[in-house]
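What follows is a set of notes on a single structure, which appears directly below.
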Amino acid sequence: MKVDLSALWQTLTKRTAALLADEQKRTGLLVAVGLLGLVLLGVSSWLPAKSKPETTAPMPQSAITSDYEAHLEARLQTLISNLAGAGETRVMVTLQCGEESIYAADTETSADGTAASKHVITGGTGLVETIQTPQVQGVAVLCQGGEDPAVQTRITALVQALTGVGANHVTVAALADAIPHN
């Protein structure tokens, strides 16, 4: 079965022109199309809403903190082991708390001078303005040269400069297998 599209198109345009030529039929067609649109809008509200594409669940706070801690330990260990006199090195970092999210706030001041602050919400969640990384609480370094006071001083200064913790929060000691046993 072969359909002649040009003939079908000509027939359709002739019928449409005839329908639109009559003022009363044109008004009726316009009303019918409008009512059909309203019915479609009403029916669409009963249809289930399209689900948003699933986003990956945010990492739990403890996993993020552990990853940050492990990354910091690895970087410190690599750097300290390259320090003259340090030798083989192991590093442990402790953090004060997890990362902290600071949310954007909108503050409105009324005529009487009182201020009201509200968090900015986008997409059902708060708008994150900044994320602060966890603060280092202390660092323990074990290395082959950990008995040498000069090496301890250099390592302590290096850790202080990189982490921002005070010297009283940095411990440097010799590895157990680096200490000669009598």
Side-chain angles (χ1 to χ4, degrees), residues 41 44-182:
L41 282 173
S44 70
S45 67
W46 292 329
L47 296 175
K50 289 183 181 177
S51 62
K52 292 182 181 178
E54 289 187 28
T55 57
T56 56
M59 259 180 129
Q61 188 68 24
S62 61
I64 293 171
T65 303
S66 295
D67 286 348
Y68 177 73
E69 194 173 70
H71 180 71
L72 192 56
E73 287 173 354
R75 290 184 68 187
L76 283 171
Q77 182 171 331
T78 302
L79 195 60
I80 293 169
S81 65
N82 290 318
L83 189 71
E88 182 185 345
T89 305
R90 294 194 184 106
V91 176
M92 180 178 175
V93 174
T94 56
L95 303 174
Q96 287 181 355
C97 61
E99 73 178 20
E100 183 180 354
S101 298
I102 309 296
Y103 294 95
D106 184 21
T107 305
E108 295 178 4
T109 306
S110 63
D112 63 357
T114 59
S117 182
K118 298 178 187 175
H119 287 289
V120 177
I121 306 294
T122 59
T125 60
L127 177 63
V128 178
E129 195 171 78
T130 58
I131 297 177
Q132 294 181 345
T133 57
Q135 298 298 310
V136 176
Q137 183 173 358
V139 179
V141 179
L142 300 176
C143 62
Q144 288 175 333
E147 285 186 333
D148 183 358
V151 171
Q152 287 180 351
T153 303
R154 287 196 306 265
I155 291 173
T156 302
L158 179 72
V159 171
Q160 281 182 284
L162 295 175
T163 62
V165 298
N168 59 331
H169 293 279
V170 180
T171 300
V172 180
L175 275 172
D177 50 344
I179 300 173
H181 297 284
N182 293 333

Nearest heavy-atom neighbours spanning Gln160 and Gly166: NE2-C, 3.8 Å
Shortest non-hydrogen contact from Gln96 toward Gln137: CG-CB, 3.7 Å
Atom pair SG (Cys143) and CD (Gln152), whose distance is rounded to the nearest 0.5 Å: 8.0 Å
Interatomic spacing from OG1 in Thr114 to CD in Glu108 - rounded to 0.5 Å: 10.5 Å
Expected output: side-chain Glu73 to main-chain Met92 donor-acceptor under 3.5 Å: no
Flag side-chain contact, heavy atom, 4.5 Å: Leu162 against Leu79: yes
Whether Gln144 side chain and Glu88 backbone form a donor-acceptor pair below 3.5 Å: yes
His169 backbone acceptor or donor facing Thr171 side chain under 3.5 Å: no
Minimum-distance pair of heavy atoms, taken over all atoms of Gly87 and Thr89: O-OG1, 2.9 Å
Contact check, side chains of Val93 and Thr163, non-hydrogen atoms, under 4.5 Å: no
Validation row: Val151, Val172 side chains within 4.5 angstrom (heavy atoms): no
CG on Leu76 to CG on Leu158, rounded to 0.5 Å: 7.0 Å
Least distance between heavy atoms, Ile155 atom then Ala86 atom: CD1-CB, 4.3 Å
Any Leu72 side-chain heavy atom under 4.5 Å of Val139 side chain: no
